[in-house]
Every structure is written in C-alpha cells, then in structure tokens.
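What follows is a set of notes on a single structure, which appears directly below.
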2 protein chains.
Amino acid sequence: MNIQFKKGVLELCVLTLLQNDDRYGYELVSRISQNIEISEGTIYPLLRRLQKDGNVTTYLRESNEGPPRKYYKLTESGKKMCSELTDEWFGFVKKVNIILGRSK
Amino acid sequence: MNIQFKKGVLELCVLTLLQNDDRYGYELVSRISQNIEISEGTIYPLLRRLQKDGNVTTYLRESNEGPPRKYYKLTESGKKMCSELTDEWFGFVKKVNIILGRSK
DNA sequence: AACGGTACTGTATATAGCAAGGTACTGTAA
DNA sequence: TTACAGTACCTTGCTATATACAGTACCGTT
C-alpha cells in the first residue's frame, strides 16, 4: 500500500468516523485498518494534532477489557473541517481522474 | 487545495501523461496545473527521481520558443510502475470510500 | 535594450506516516 | 502463579514528498 496516498486522507477518515459517534484511539485504528493498513504510531500523533488545533475534545471512560479509553469528540470547528475536507477530497479525486483519463 | 492529498498522486499523473507521448518538464507542469495546483519546483525533483530510479530516460530537443527542451520517456520499468500505481490508486480510493461511507 | 514567456535547476523547509520502542491493565491457559 | 495474549495508550527518530524561493539562460517582440 502506497504510503504517500494516505497523506492527509487518514485525517479525513478519522474526522468522518467521529462524526457519528465519539470513539477512542484504539478503536479508530482497528476500524480504519480493516480497509487501509495503518499503525498506532500514525493515529495517536494525528489525534493529538486534532486536539491541539481545537477540532476534537477528549474524555476518559473506564473499560472492563483493559485500561481506560480516551474518547475523542468532534467540536464545531472539527465538524466544519470534516465537511470542508470531504468536499476537497472528492473534488481532488475528480481532478485526478480527469488527468488519468478516467473522467468519462 | 490540500497539499497532502497530492503526495504520491503527482507521480502517478506524470507517469500516466508519459504513457502516450514523451513530454518535457514545463509541458507536464502546464498540463497538470490545468486541474491541480502545482509548481515547477515540485515536478523537476520528481522527474529527477524517476530518472535516477530508471523509470524514465531523457533526451534534449531544440525549441524555437526558448531554450532546448528535455523530453522524458518511460522505460519498461516505468510502464510497469505506472500500471501498478494506477491499480493501487483506484484500489485506495475504493477503500477510502468505504470508510467515508460512500461505497454504495 | 528591456521585457515577458519559455525552460531548467538547486536549496531549505514543513508535514505526515511509519517502525520501533515503551507503559500498564485484564482475562485465560499452562 | 506465572506466563502470555489482547487491549489501550504514548513517544522518538526516520523518511519521503511537495513547496517556497532563488537562480540561470534562451527567445521574440516592443
């Protein structure tokens, strides 16, 4: 799997998954990695970035299957970012398709 | 335009454009930038990489509109790389669509 | 002769994903 | 009761790629 393709897209995936429900880091890793190869060392720094930029907030909740889980919740600016990134992504794919001659 | 989305995809675009005809760097920049914002400083290092890795060869041809043009031509391994990258790209987009919930 | 367009090159910087490592809790099997 | 696998979190250093910025040089037109 080409690493470069993932750049920026994983952020969009995380934001989209957080749109419906709050989720914890490990859960995001396992959900995304069902389709796209991904490592924890990618997601945790990404989540930290999102929090630092005010796009998510976090809260802890205990689990009976291991250590407490840190849940991530989209903020208003996070929701806005998600919809903007979504538009950009589909626009981008469309333009790439034109260049690759797959537009028709 | 999200910079990160472009990572890796520009290479695919360049390879695809070279599949039909030999092209020179400036021409590639202007063709691609009709759809995707791109600068010369991006394409030339990319072309040098492709040449260094044996995916393209080059030859000079004079122009009556400026300095001589350096044409890039796909090698066999470049053609192979192009078709592999193409498959990877469309597979990747499909998987992202599943995560984004746009698969159906 | 000066300018804008064509064409190529090089350096320094920012960013994101990854491998590899670590901590710590829980339940199960040897 | 000890060892292990699974869950859950986090950090550091590395690499690849795109970009900004700067520079060189050729051509035709004004």
* Structure fact -> note: B:Arg61, atom CZ; C:dT6, atom C1'; distance rounded to Å ~ 18 Å

* Whole angstrom value for the distance that separates P of C:dT6 from CZ of B:Arg23 -> 17 Å

* Structure fact -> Of A:Ser63 and B:Ser63, the one whose closest nucleotide on DNA chain C sits nearer the 5' end is B:Ser63

* Atom NZ of B:Lys52 to atom P of C:dG10: distance rounded to whole Å? -> 14 Å

* Asked: So which heavy atom on A:Arg23 is nearest to which on A:Leu18, and how close?
  -> N-CD2, 3.7 Å

* To do: Measure from CD1 on B:Ile43 to P on C:dT9 and round the result to the nearest Å.
  => 13 Å

* To do: Would you check if A:Leu50 and A:Glu11 make a side-chain contact, meaning some heavy-atom pair closer than 4.5 Å?
  => yes

* Asked: Where do A:Ser33 and A:Ser30 come nearest, in terms of heavy atoms and distance?
  -> OG-O, 3.3 Å

* Asked: Between CD1 of A:Ile32 and OG1 of A:Thr16, what distance do you get to the nearest 0.5 Å?
  -> 9.0 Å

* Nucleotide range of DNA chain D contacted by chain A, 5' to 3', under 4.0 Å to a heavy atom? -> D:dT7 to D:dT17

* **side-chain contact (heavy atoms from CB on, under 4.5 Å), paired with B:Phe5, selected from A:Val9, A:Val93, A:Val96** => A:Val9

* Structure fact -> Whether each nucleotide of nucleotides 14-22 of chain C has a protein heavy atom under 4.0 Å at its base (B), only at its sugar-phosphate (S) or at neither (-) is summarised, 5' to 3', as -BBSBBB--

* Where do A:Asp22 and A:Lys73 come nearest, in terms of heavy atoms and distance? -> OD1-CG, 3.4 Å

* **End axis versus end axis in the helix from C:dA1-D:dT30 to C:dA30-D:dT1, the angle rounded to 10°, five pairs used at each terminus** => 10°

* Asked: Is the side chain of A:Thr75 donor-acceptor paired with the backbone N or O of A:Asn55 at a distance under 3.5 Å, no angle test?
  -> yes

* **Side chain to side chain, B:Leu85 and A:Asn2, heavy atoms closer than 4.5 Å** => yes

* Asked: Under 3.5 Å, side chain of A:Thr58 to main-chain N/O of A:Gln51, donor-acceptor pair present?
  -> no

* Expressed in angstrom and rounded to an integer, what is the separation of A:Glu62 atom CD from C:dA24 atom P? -> 17 Å

* Minimum heavy-atom distance B:Lys6-B:Glu37, with the two atoms named -> NZ-O, 2.7 Å

* Residue-phosphate contact under 4.0 Å: B:Tyr24 side-chain N/O, C:dC8 OP1/OP2 -> no

* Return yes if some donor-acceptor pair links the side-chain N/O of B:Gln19 with the main-chain N/O of B:Cys82 below 3.5 Å, else return no. => no

* Asked: Are any of A:Arg69's side-chain N or O atoms less than 4.0 Å away from OP1 or OP2 of C:dC25?
  -> no

* In whole angstrom, give the distance that lies between atom CG of B:Leu47 and atom C1' of C:dA7. => 12 Å

* In whole angstrom, give the distance that lies between atom OH of A:Tyr44 and atom C1' of C:dA24. => 13 Å

